[in-house]
Amino acid sequence: MIQKPVRTRYAPSPTGLMHVGNLRTALYEYLIARSQGGSFVLRIEDTDQERLVDGAVSVIYQTLAQVGLRHDEGPDIGGAFGPYVQSERKALYRPYAEQLAREGKAYYCFCSKERLDRLKESAEADGGHFNGYDRHCRDLPAAEVDRLLAAGTPYVIRQKMPLNGSTTFSDAVYGDITVDNSELEDQILLKSDGYPTYNFANVIDDHAMQITHVVRGSEYLSSTPKYNLLYEAFGWDVPTYVHLPLIVGNDGRKLSKRHGATSFADLVGEGYLPAAIINYIALLGWCPKDTRELFTLDELCQVFSIDGISKSPSVFDYDKLDWFNGEYIRAMEPSDFVALIRPELDKVFAGRPYEAPLLAELLQPRLIRLTQLPAMIHFLVERQDYSLDLFYNKKNKVSPDQAKTILPVIRQSLADLPLWTREAVHDSLMALAAGQQLKTGQVMWPLRIALSGQEITPGGAIEIAVILGREESLARLQLAIGRLNEQQ
RNA sequence: GGCCCUAUGGUCAAGCGGUCAAGACGCCGCCCUCUCAAGGCGGAAUCAGGAGUUCGAUUCUCCUUAGGGUCACCA
């Protein structure tokens with residue numbers, strides 16, 4: 001048996017930002033293709049002319065590029081199966097629909113939008129539920145069809161569903177699924193504006209582009225029997241379906257705005273790294289054979305396999321994403337990390353000189369999301385209003401009284417330093433502690449509070465002193481001493 | 001409501017008839033420590049319920065329950 005080369009496709013509609021669910025679908029399509037030496041195709045599905053959003057196509061390109069999902073064929077780079085934008089393929093679909101009509105597998109329907117609406121309303125008024133189109137035009141006499149067509153009556157072309165029996169299709173993750181044909185509506189193939197519906201265009205294009213694996217969210221599961229019937233009507237090979245479990249919010253419902261950031265752009269805006277996002281969503285609904293969790297995109301290509309995809313919906317967990325992001329930050333080369341935070345540092349220090357390497361050293365193990373950086377180091381550029389109670393620390397046996405005594409000594413010692421380096425500050429403070437028979441903390445705690453005005457700081461007193469510089473450090477110490485003195 | 005899907009700790013999840021039911025996030029404790037992180041060590045926490053099948057069910061079948069998806073000239 002000859003194995004056809006694997007071809008997957010990402011087929012988004014350009015209707016706005018890229019939702020993480022869509023991103024994950026694109027990722028899995030990419031991984032399925034790459035893990036089997038296949039091709040990954042990008043196709044833009046813009047058959048709904050009303051929902052098009054300006055710039056949405058470039059968002060798609062940007063996002064794919066940002067996360068490293070390189071497509072092998074697409075509107076921007078071409079390929080052997082173009083065009084890759086459905087609106088540019090518009091003329092292709094009609095002949096297929098007409099072919100089906102000729103063969104008695106589809107029919108012209110002249111029902112007006114109003115009649116359809118009435119149908120739905122009366123069904124609901126009866127307390128029942130709308131069960132789809134009533135097949136009013138399904139058996140129109142040929143002469144009548146010709147007459148209406150000739151008269152220029154607006155029409156759609158509908159697929160004729162079998163009236164009885166059932167349809168079974170096979171999904172690579174969900175297994176065999178069977179549905180009674182009586183459940184299937186005579187779906188529209190060609191809309192009255194001449195555009196194909198999504199369902200129709202999808203089948204035609206996937207076949208034309210020789211797509212072997214149709215990967216999409218499980219919300220499409222219930223419309224898949226209709227796809228199957230379409231492939232059968234044309235006598236085409238049915239592709240391998242790979243339906244993906246939904247990504248939901250912490251309330252179990254489909255992930256949406258109220259759960260927080262849901263688009264890739266939102267996530268990046270909140271300070272997450274593209275690589276961390278990809279790594280996290282790769283593991284949302286898929287699991288490798290071992291217990292590994294950290295993967296680059298290339299590594300994912302090596303280990304991905306369809307049988308690791310799960311069936312149940314996954315809750316998007318921002319805590320776990322945080323962890324991944326922290327891991328990625330900590331794993332960076334120091335120089336890369338400096339480059340990453342440089343823009344933020346520039347903003348915080350606003351033109352003042354600062355010591356990037358030391359700041360980076362303090363920040364790298366502590367930073368979870370880029371956006372947290374300003375708040376973490378703001379105290380370095382602006383003196384804080386703080387309560388003298390911060391000088392209390394029972395573990396170190398430190399109190400405002402004790403601080404009042406030790407701070408002047410510390411200040412003097414630092415003022416006398418010939419060099420203001422990390423090592424010099426460190427040595428002098430340690431010597432001071434030893435000389436006064438104090439624990440390290442009894443020197444460092446009051447100093448850190450005096451310098452930062454915060455109970456929690458990235459790094460310790462020594463690092464803060466070095467970053468602040470001699471002048472500012474001594475000034476802040478003097479301020480603290482003054483406040484402590486005037487308290488009693 | 002019809003149809004379809006799903007069901008292991010709070011979350012992601014391994015498991016595919018016999019396990020003390022992995023691992024990770026989060027949480028708690030300890031260590032390290034001038035604070036917070038990072039790091040190290042440890043801990044609590046899971047098979048929705050009920051019938052079967054079987055020598056033996058988390059695992060297979062059925063029912064119940066609970067979630068979700070879908071019922072457009074949207075994708």
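Lettering follows sequence order; numbering is per chain, from 1. Just the heavy atoms: all of them, side chains too, but no hydrogens, waters or symmetry mates, feed the values below. Everything numeric in this text was worked out from a predicted model, so none of it was measured.
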Looking at A:Val242, A:Asn202, A:Leu244, which one forms a side-chain contact (heavy atoms from CB on, under 4.5 Å) with A:Arg216?
-> A:Asn202
With side chains defined as the heavy atoms from C-beta onward, is the minimum distance between A:Val156 and A:Tyr108 less than 4.5 Å?
-> no
Pick base, sugar-phosphate or nothing for A:Lys289, based on heavy-atom distances below 4.0 Å to the nucleic acid.
-> nothing
Using a heavy-atom cut-off of under 4.0 Å over every strand shown, decide if A:Arg253 touches base, sugar-phosphate, or nothing.
-> sugar-phosphate
Does A:Lys226 make a side-chain N or O approach to OP1 or OP2 of B:A72 shorter than 4.0 Å?
-> no
Touch class at under 4.0 angstrom, heavy-atom based, for A:Ser223 against every strand present | nothing
Got a donor-acceptor pair under 3.5 Å from the side chain of A:Lys320 to the base of B:A24?
-> yes
Taking a pair to mean Watson-Crick or G-U wobble geometry with both distances below 3.5 Å, B:U70 pairs with B:G2
For A:Thr15, report the nucleic acid contact type (base, sugar-phosphate, nothing); a contact means any heavy atom under 4.0 Å.
-> nothing
Salt-bridge test for A:Glu88 and A:Lys90: reply yes if a basic N is under 4.0 Å from a carboxylate O, no otherwise.
-> no
Can we call the ring centroids of A:Tyr241 and A:Tyr174 under 6.0 Å apart?
-> no
In plain terms, say whether A:Asp186 and A:Lys160 are close enough for a salt bridge, that is, a side-chain N and a carboxylate O under 4.0 Å apart.
-> no
Using purine N1 to pyrimidine N3 plus N6-O4 or O6-N4 for Watson-Crick, or N1-O2 and O6-N3 for G-U wobble, each under 3.5 Å, what pairs with B:C12?
-> B:G23
If you pin A:Pro365 and A:Pro288 to their nearest nucleotides in RNA chain B, which one's is more 5'?
-> A:Pro288
Per nearest nucleotide of RNA chain B, the residue lying toward the 5' end, A:Leu367 or A:Thr291, is A:Thr291
Look at the side chain of A:Thr440 against the base of B:C34 and say whether a donor-acceptor pair falls under 3.5 Å; ignore hydrogens and angles.
-> no
Could you check how far CD of A:Glu327 sits from P of B:A24, rounded to whole Å?
-> 12 Å
Hey, does A:Tyr280 reach any base, or is it just sugar-phosphate, or nothing, if we go heavy atoms under 4.0 Å?
-> nothing
Give A:Val156 one of three labels, base, sugar-phosphate or nothing, depending on what nucleic acid heavy atoms sit under 4.0 Å from its own.
-> base
